[in-house]
Amino acid sequence: MFEGDETLTIRDADTLSYRNGRQYQRVSYHHDAAVGNFHFGERHPMKPHRLTLTNHLVMGYGLHNYMDVYQPRKASAAQISAFHAPEYVDFLQKVTPDNAHTFASVFQKFNVGDDCPVFDGVYDFCSIYAGASLDAARKLISGQSDIAINWSGGLHHAKKFEASGFCFINDIVLAILDLLRYHPRVLYIDIDIHHGDGVQEAFYNTDRVMTLSLHKYNGDFFPGTGNSSEIGGDVGKHHSLNIPLKDGIDDQSYVQLFKSILEPCINSYRPTAVVLQCGADSLGCDRLGCFNLSIKAHGECVRFAKSFGLPMLVVGGGGYTVRNVARCWAYETACFLDVELGNKLPDTAYREFFRPDYNLHPQLTGRVENRNSRKSLENLRVKVMEQLRFLNGAPSVQMQEFAPGGYDIADDDNIIREDREEEGSGKDLKWESPKELLRDTEMV
Ligand code: V1D
Ligand code: CA
């Protein structure tokens with residue numbers, strides 16, 4: 001049994017926040033307005049402006065009144081290098097559209113190009129969204145927050161040495177590494193239509209993180225990985241769970257499958273923290289997607305993940321029909337807050353994006369045929385159950401006493417310690433070198 005296990009899972013009842021005599025999980029919202037002003041390029045589907053739209057809906061509905069809103073700090077190069085190779089971080093810091101030609105020889109190595117273009121301020125963009133996920137993780141660790149939201153994060157494809165699929169820095173891996181310094185087991189859930197390959201790869205060989213991704217899979221659809229045969233390696237065997245789906249999955253099938261898999265995952269693995277990637281490209285009518293989900297169904301999955309009461313980091317991800325991404329993430333912010341929203345969108349400066357209906361719940365479903373048979377979905381569920389049977393109870397981790405290992409980690413721990421003191425938590429911090437948990441990937 002992990003020393004101190006269970007101490008960090010659910011906040012003491014008397015520290016939960018109350019509204020109208022009811023108890024709620026405390027929610028923090030980490031948003032930097034600058035993140036919406038970056039441009040990947042005219043024809044590129046990734047539009048950071050969707051984050052501005054989301055924030056306007058969140059504020060327009062008045063949701064800031066129910067949560068702690070934070071201006072996040074930027075991630076430092078040292079923090080980013082906890083996962084990424086220093087030479088890759090150095091390249092991202094230096095490259096600009098004007099000097100890009102002088103770096104042409106390393107573009108291929110770092111996979112920079114059409115999907116991941118060098119745009120103005122690319123490194124600033126990365127340090128903003130990664131900093132927000134790190135701040136959010138810190139709020140969970142300190143106990144100041146039960147659910148910490150960063151819609152600009154969730155860039156699940158980035159690898160140690162390279163950019164991939166619109167993702168340069170993997171804020172999820174960075175945040176999980178921080179959570180692992182205090183949490184024995186972290187469950188990562190990914191409902192983006194794409195496979196969460198970067199996160200899976202980083203933790204493939206450890207049992208300290210379980211990854212669960214639902215995605216379209218046919219061997220060809222980006223990134224081409226995520227078959228159910230990818231199950232993890234070494235002590236991480238059976239800790240990578242993949243749910244490969246076909247086009248057009250509908251609300252009922254997706255929500256039922258999601259619930260029937262997540263509940264046994266949590267009961268078998270007993271995570272002490274959860275990271276939920278809420279990619280909105282799994283909605284119907286997405287510019288790059290081909291599923292058939294409504295915002296309510298996407299939100300129902302989020303609500304179900306929340307219902308376990310575990311400390312949860314919530315991040316965004318993909319989503320390319322920007323008006324629907326904003327609707328979805330505003331709605332899900334309300335789900336985390338247990339606040340009901342009316343279907344009429346609030347008046348904001350961006351009202352015209354939501355033409356012609358100006359509703360929170362537009363009709364997004366019914367346009368693609370569901371290619372997933374009941375039998376195939378049942379088979380996927382059974383495969384997960386078979387994998388879970390291999391878990392010999394939740395792994396316990398021999399955690400060391402708090403022992404700062406580097407100046408950046410010590411700085412970080414001091415912030416967390418101060419936050420925890422402010423929060424009145426007398427519990428000891430535990431620490432284990434997160435670097436040892438990473439899959440050892442060599443650059444080729
Ligand atoms: F359509 C495009 C126009 C311009 C630039 C890129 C694209 C585009 C569309 N789909 N790129 C893609 C995908 N890339 C390929 C490449 C072709 N090569 C051989 C590979 O198919 C990338 C899709 C990335 C999806 C990212 C994500 O939604 O999962 C995400 N999650 O968090 C942030 C992004
Ligand atoms: Ca996914």
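Note that ligands are numbered from 1 as they come in the structure, with each ligand's atoms numbered from 1 the same way.
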How large, to 10°, is the angle at the Ca ion (ligand 2) when you draw lines to O on D192 and to OD1 on D190?
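Computed angle, vertex at the Ca ion (ligand 2), rounded to 10 degrees: 100°.
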
Among all protein heavy atoms in this structure, tell me which lies nearest to [atom], with the distance rounded to 0.1 Å.
atom: atom 11 (N) of ligand 1; result: D115 OD1, 2.8 Å
atom: atom 31 (N) of ligand 1; result: H156 NE2, 2.9 Å
atom: atom 2 (C) of ligand 1; result: P45 CD, 3.6 Å
atom: atom 10 (N) of ligand 1; result: L288 CD1, 3.9 Å
atom: atom 30 (C) of ligand 1; result: Y320 OH, 3.3 Å

Looking at the Ca ion (ligand 2), is there an N, O or S atom belonging to [X] that lies under 3.0 Å away from it?
X: H215; value: no
X: Q277; value: no
X: G317; value: no

Going by the atom numbers of ligand 1, which of them fall below 4.0 Å from some non-hydrogen atom of [X]?
X: M46; answer: 33 (C), 34 (C)
X: H44; answer: 5 (C)
X: R43; answer: 3 (C), 4 (C)
X: G165; answer: 24 (C), 26 (C), 34 (C)
X: G154; answer: 32 (O)

Would you please indicate yes or no on a ring centroid separation below 6.0 angstrom for [Y] and [X]?
X: H156; Y: Y188; answer: no
X: Y129; Y: F125; answer: yes
X: Y88; Y: F161; answer: no

Check ion pair [X]-[Y] (N to O, under 4.0 angstrom):
X: R381; Y: E378; value: yes
X: E300; Y: R303; value: yes
X: K306; Y: D338; value: yes
X: D178; Y: R138; value: no

Ligand 1 contact by C167, heavy-atom criterion under 4.0 angstrom
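Contact check C167 vs ligand 1: positive.
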
Verify the neighbour count for atom [atom1] of [X]: are there more than 12 heavy atoms of other residues, nucleotides or ligands below 6.0 Å?
X: K375; atom1: NZ; value: no
X: N343; atom1: CG; value: yes
X: F221; atom1: CZ; value: yes

Give the C-alpha distance, both sets of side-chain angles, the deciding distance and a yes or no for side chain to side chain contact (heavy atoms under 4.5 Å, CB included) between L388 and C265.
CA-CA 7 Å; L388 293 177; C265 277; 4.2 Å; yes

If you scan the protein for heavy atoms around [atom], do you find one that is closer than 4.0 Å?
atom: atom 24 (C) of ligand 1; value: yes
atom: atom 18 (N) of ligand 1; value: no
atom: atom 5 (C) of ligand 1; value: yes

Distance under 6.0 Å and angle within 45° of ring axis: R208 vs F203:
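So R208 doesn't make the cation-pi contact.
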
Side chain or backbone of [X] under 4.0 Å from ligand 1, or both, or neither, by non-hydrogen atoms?
X: H157; value: side chain
X: D114; value: backbone
X: P223; value: neither

Could you tell me how the ring of H49 sits relative to the ring of Y350: parallel (under 30°), tilted (30 to 60°) or perpendicular (over 60°)?
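The arrangement is perpendicular - the two ring planes meet at more than 60°.
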
Give a yes or no on whether the backbone of K259 and the side-chain of E263 come within a donor-acceptor separation of less than 3.5 Å.
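A pair under 3.5 Å: no.
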
To make sure I understand the geometry: which N, O or S atom in H194 is closest to the Ca ion (ligand 2)?
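Sorting the N, O and S atoms of H194 by distance to the Ca ion (ligand 2) puts O first.
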
Compute the shortest N/O to N/O distance between G318 and ligand 1 and return yes if it is under 3.5 Å, no if not.
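Yes - when backbone and side-chain N and O of G318 are compared with those of ligand 1, one distance drops under 3.5 Å.
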
